[in-house]
Amino acid sequence: MIHIPRAEYTRRRKALMAQMEPNSIAILPAAAVAIRNRDVEHVYRQDSDFQYLSGFPEPEAVIVLMPGRQHGEYVLFCRERNAERELWDGLRAGTEGAIRDFGADDAFPITDIDDILPGLIEGRDRVYSAMGSNAEFDRHLMEWINVIRSKAHLGAQPPNEFVALDHLLHDMRLYKSAAEVKVMREAARISCAAHVKAMQASRAGLHEFSLEAELDYEFRKGGAKMPAYGSIVAAGRNSCILHYQQNDAVLKDGDLVLIDAGCEIDCYASDITRTWPVNGRFSPEQKAIYEIVLASQEAAFAEIAPDKHWNQAHEATVQVITAGLVKLGLLQGDVDELIASEAYKSFYMHRAGHWLGMDVHDVGEYKVGGEWRVLEVGMALTVEPGIYISPDNPNVAKKWRGIGVRIEDDVVVTKQGCEILTGGVPKTVAEIEALMAAAR
Ligand code: GLY
Ligand code: MN
Ligand code: MN
């Protein structure tokens, strides 16, 4: 299995610590286990920041980073080995495994954290943490601080500054390393295979969930533990619901089906959308809309390169889509004026993309100092223009109503422009029709 090598986690911790102010400490909790009902749990997914710095896959753990600490800069609190619990729930690294397999300099049982952590914080001036994202952990942190404060009369020195860790950490996560791109390519490759499978399986009379099953099968067969987000399988008028999740309608002859789905490999997401005719042949109206969306995506790719700013790709999609809608008579007026008045938003109401990484809508600022961020090598993003003609839109001829098309690919900025990670699934009308005809 392709994964992030251990050495990379060490490199990341060092890079973060190098950016922390002198005499500071960073503290991050693992994701909590989410209960589905009674004693049944949701599939565990590690917190992305925690995973990024440790690769440690277990709940009930806390990372502590103390730059310059003589007895080791990286301390991990985690669950102890426990034969009874491991019999029921699976193996645990334990404190020895945390050191041996995950590079911790020091490891302590999580049950001892209240006794040990205040002593590690004491004397440090600043505490970095993800304030505001985990209320329970924030409360614990204040309790540990208050333990130190209560001993001030004995000479204990509580920290005076609390700093949001996100700013440093999320900027690091925005720039993907070679190892990260390799994992993202693998997630993309599996997701492409899944979309191809779903295209080949598409038949009138099946349900949306039948195609979702094809996706899930390919994801798991490829080694993905889970989809990166709830798969959207939206046929007919459902394709106009942007985050449709019901996935239980019947696929009808003559309708399009829009699938937005991607898997996750080693906590890195892929995010692909393709739209195709259930019966394998685009109608003239479906094709006309599809070609505009495809052209707008091509125009966006041309605007993704170092020194171009974040919004240029979006602007390119707005230009092509608005001009295309005017040409088809779905919008009337001057293209520039329709763009200025945002008239296109009745058909194209979302942005052309988002950062992509460990989170499908990944971390990282889109603006810096009030200006759109300039793209740099290693940044990963999606390019996903769409046109959605509401089934209830009284302003357009009936033949257009209920057509929803989105085309989404994942790219990484390179020196020359960008690398498309998700090119392995057909996209032109001819390619899609040929693939589907061959599967009949
Ligand atoms: N799948 C969610 C999105 O495309 O942003
Ligand atoms: Mn998507
Ligand atoms: Mn997306």
Side-chain angles (χ1 to χ4, degrees), residues 45 48 173-174 176 184-185 187-199 208-209 211-212 214-216 218-219 224 226-235 238-247 256-265 267-276 290 293-294 296-298 300-301 303-304 310-311 313-314 316-318 321 345 347-364 366 373 375 379-388 404-413 418-427:
R45 166 56 157 80
S48 296
R173 280 179 53 190
L174 180 56
K176 273 67 182 179
M184 290 180 74
R185 269 192 210 113
R189 185 189 66 74
I190 297 162
S191 299
C192 285
H195 277 258
V196 167
K197 259 279 165 56
M199 260 182 212
E208 292 165 341
F209 53 69
L211 300 190
E212 186 179 9
E214 301 286 340
L215 300 169
D216 288 341
E218 284 298 313
F219 290 167
M226 59 187 107
Y229 52 92
S231 301
I232 297 169
V233 184
N238 297 333
S239 61
C240 297
I241 302 171
L242 300 178
H243 285 167
Y244 177 77
Q245 301 251 301
Q246 269 168 277
N247 299 1
L256 290 175
V257 57
L258 178 158
I259 294 193
D260 182 345
C263 69
E264 183 174 284
I265 291 288
C267 290
Y268 284 83
S270 54
D271 183 6
I272 303 179
T273 307
R274 288 291 184 271
T275 309
W276 63 83
Y290 191 90
V293 177
L294 187 59
S296 77
Q297 200 204 30
E298 290 296 337
F301 289 143
E303 297 300 326
I304 298 173
W310 166 261
N311 209 40
H314 178 71
T317 61
V318 167
I321 285 175
K345 280 197 175 170
F347 300 98
Y348 177 32
M349 56 294 281
H350 59 74
R351 296 193 49 82
H354 48 81
W355 301 130
L356 181 73
M358 301 185 82
D359 299 333
V360 63
H361 294 169
D362 207 27
V363 294
Y366 291 96
R373 188 159 200 151
L375 299 177
M379 291 177 174
L381 54 144
T382 66
V383 186
E384 50 177 307
I387 295 177
Y388 314 90
V405 173
R406 180 165 63 254
I407 307 173
E408 176 174 28
D409 284 289
D410 304 342
V411 308
V412 180
V413 180
C418 64
E419 173 187 342
I420 300 174
L421 303 179
T422 45
V425 50
K427 198 157 62 171

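Indexing begins at 1, ligand by ligand and atom by atom, following the structure's order.
- No donor-acceptor pair under 3.5 Å is formed between the side chain of Thr382 and the backbone N or O of Gly353.
- Here 4 is the count of protein N, O or S atoms positioned under 2.8 Å from the Mn ion (ligand 3), waters not counted.
- Counted by atom type alone, Glu384 and His354 present one or more donor-acceptor pairs between their side chains at under 3.5 Å.
- The shell of residues lying under 4.0 angstrom from ligand 1, judged by heavy atoms, excludes Val360.
- Between the side chain of Ser239 and the main chain of Gly404, a donor-acceptor pair closer than 3.5 Å is present.
- Of the possible donor and acceptor atoms, one in the side chain of Ser270 sits under 3.5 Å from a partner among the backbone N and O of Cys263.
- Between Trp276 and His195, the angle of the ring planes goes over 60°, which puts this pair in the perpendicular group of the 30/60° scheme.
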**Item:** Derivation of the ring-ring contact (aromatic ring centres under 6.0 Å, His included) call for Tyr229 and His243
**Value:** CA-CA 11 Å; Tyr229 52 92; His243 285 167; 8.7 Å; no

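- Contact annotation for Asp271 and ligand 1: only side-chain heavy atoms (C-beta onward) come within less than 4.0 Å of the ligand.
- In summary, Asp410 and Arg185 do not engage in a salt bridge, as defined by a charged side-chain N under 4.0 Å from a carboxylate O.
- Here the shortest heavy-atom distance to atom 5 (O) of ligand 1, taken over His243, Glu408, His361, Arg406, belongs to His361.
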